[in-house]
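Worksheet: one structure, shown below.
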Amino acid sequence: SSASSASSASSASKTDEEGGGVVPKGGMVHSFYYGDPLFEALDKMTWKDCITWFMDPFRLAVIFSARIGHNVLGPLIQLAFIVLVKRLYVGRFRPGPLPRTYLRLQWELTRRWIMNKLLPKGDFRNALTVLGKHYDYTSYVFRAMGASVGQRVFWPGSGILVADGMYDLLEVGDDVVWGSRSLVFPADMLGALPVKIARGANVSDRCILYAGATLCEDACLGSGSVAGRKSKFGVASVWVGSRN
């Protein structure tokens, strides 16, 4: 009797409490879902069977096609959807103070929130990685989002973050050079103003440009500089820092 009780206890220890199935023995492909007929069938497969199953030419083609589509077409499809939402639903951002009526104010803040969620960074959901970060394709994307962009603009690999997706308030002239990790804030709680970068200007690394900032032709904003609200930098001038 003691031997039979020990045998029953041993068999009970091999039973899965959650699924009710029997825990598979060693030497097979184990599953975490004991009791499921599909996974029980998989448990009976050896490693050789699994390798043969995965090495099927058609299955490999499907797997590689799915990965290529996810990494190449995925970002482009997301970008196309964002442009569609921006043009048909969010609409164009315009300069001016915040609306005073409650409903219009809430809708304005909602529009900014939507664009912030759609484009939390300046890389357009990794679409620039597919298109090429330093090429005219980046200018095409900025124009599609509503920005005014000239010719031969040098864009950094890290992208330019335009806060709340307010690209309509960004004006970039010809031959402008952007440094990496720069930020543009065309609006604040006082209102929205266009940020203008004139022909030949240079915005260096880690710069911050606030609403109404203007760089005149061939002006240079040094690394880590801050262009305050309604600030203006003269023709061919060089500026560094954040004071005055």
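Computed from heavy atoms alone, side chains included, the values below leave out hydrogens, waters and symmetry copies.
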Practice problem: Could you grab the distance from atom CG of L215 to atom SG of C220, nearest 0.5 Å is fine? | Solution: 8.5 Å
Quiz item: Is it true that V72 and F64 fall in one hydrophobic cluster, defined by side-chain heavy atoms closer than 4.5 Å?
Solution: no
Quiz item: Just wondering, do L118 and M115 contact through their side chains at under 4.5 Å, heavy atoms?
Solution: yes
Quiz prompt | Side-chain heavy-atom pair L209, I197 within 4.5 angstrom cut-off | solution = yes
Quiz item: Is there a chain of hydrophobic side chains (I, L, V, M, F, W, Y, each step under 4.5 Å between heavy atoms) that links V85 to V162?
Solution: yes
Self-check item: side-chain contact (heavy atoms from CB on, under 4.5 Å), paired with W155, selected from I160, V141, L128
Solution: I160
Exercise. State the CG-OG1 distance between N71 and T129, to the nearest 0.5 angstrom.
Key: 10.5 Å
Quiz item: What closest approach, in Å, do S180 and P156 show between heavy atoms, and which atom pair accounts for it?
Solution: CA-CB, 3.6 Å
Quiz item: If Ile, Leu, Val, Met, Phe, Trp and Tyr residues are connected whenever their side-chain heavy atoms lie under 4.5 Å apart, and connections chain through other members, are I68 and L76 in the same group?
Solution: yes
Quiz item: Hey, are the side chains of M145 and L119 touching, using non-hydrogen atoms and a 4.5 Å cut-off?
Solution: yes
Quiz item: What do you reckon, is CZ of R152 surrounded by more than 12 foreign heavy atoms closer than 6.0 Å?
Solution: yes
Quiz item: Considering all heavy atoms of both residues, which atom of A227 and which atom of A213 are nearest to each other, and what is their separation?
Solution: CB-CB, 3.8 Å
Quiz item: Can you find a heavy atom in the side chain of Y210 that is under 4.5 Å from one in the side chain of V226?
Solution: yes
Quiz item: What do you reckon, is CH2 of W107 surrounded by more than 12 foreign heavy atoms closer than 6.0 Å?
Solution: yes
Quiz item: With the threshold set at 4.0 Å, does a side-chain nitrogen-carboxylate oxygen contact exist between D174 and R199?
Solution: no
Exercise. Of all the heavy-atom pairs spanning G150 and R143, show the shortest one and how long it is.
Key: O-NH2, 2.8 Å
Quiz item: Is there side-chain contact between L79 and R125, with at least one heavy-atom pair below 4.5 Å?
Solution: no
Quiz prompt | Salt bridge flag under 4.0 Å for residues R112 and E108 | solution = yes
Quiz item: Is there a donor-acceptor contact under 3.5 Å from the side chain of S242 to the main chain of S225?
Solution: no
Quiz item: Are F81 and Y137 joined in one hydrophobic group, where the rule is that I, L, V, M, F, W and Y side chains link up if heavy atoms are under 4.5 Å apart?
Solution: yes
Practice problem: Kindly compute the distance separating CE (M55) from CG (L60), expressed to the nearest 0.5 Å. | Solution: 5.0 Å
Quiz item: What pair of heavy atoms forms the shortest contact from V195 to A211, and how long is it?
Solution: CG2-CA, 4.3 Å
Quiz item: How far does NZ of K48 sit from CD1 of I51, to the nearest 0.5 angstrom?
Solution: 9.5 Å
Quiz item: Is there side-chain contact between N126 and V130, with at least one heavy-atom pair below 4.5 Å?
Solution: no
Quiz item: Would you say S182's side chain and S204's backbone share a donor-acceptor pair under 3.5 angstrom?
Solution: yes
Quiz item: Is R181 reaching over with its side chain to a backbone N or O of D205, donor-acceptor style, under 3.5 angstrom?
Solution: no
Self-check item: Parallel, tilted or perpendicular: ring planes of F124 versus F142, cut at 30 and 60 degrees
Solution: perpendicular
Would you tabulate the side-chain donor-acceptor contacts of residues 164-172 under 3.5 Å, counting partners in other chains and residues two or more places apart, or write 'none'?
{"unit_1": "D168", "atom_1": "OD1", "unit_2": "K86", "atom_2": "NZ", "d": "3.4"}
{"unit_1": "D168", "atom_1": "OD1", "unit_2": "R92", "atom_2": "NH1", "d": "3.3"}
{"unit_1": "D168", "atom_1": "OD2", "unit_2": "K86", "atom_2": "NZ", "d": "2.8"}
{"unit_1": "D168", "atom_1": "OD2", "unit_2": "F93", "atom_2": "N", "d": "3.0"}

Quiz prompt | Within 6.0 angstrom of R104 CZ, more than 12 heavy atoms from elsewhere | solution = no
Quiz item: Are any non-hydrogen side-chain atoms of T138 and L131 less than 4.5 angstrom apart?
Solution: no
Quiz item: Between G222 and C207, which heavy-atom pair has the shortest distance, and what is it?
Solution: O-SG, 3.0 Å
Quiz item: Which heavy atom of G234 sits nearest a heavy atom of C216, and at what distance?
Solution: C-CB, 3.7 Å
Practice problem: State, yes or no, whether a side-chain contact exists between V184 and W178 at a heavy-atom distance under 4.5 Å. | Solution: yes
Quiz item: Given the rule that I, L, V, M, F, W and Y join up when any side-chain heavy atoms are under 4.5 Å apart, are Y140 and V83 in one cluster?
Solution: yes
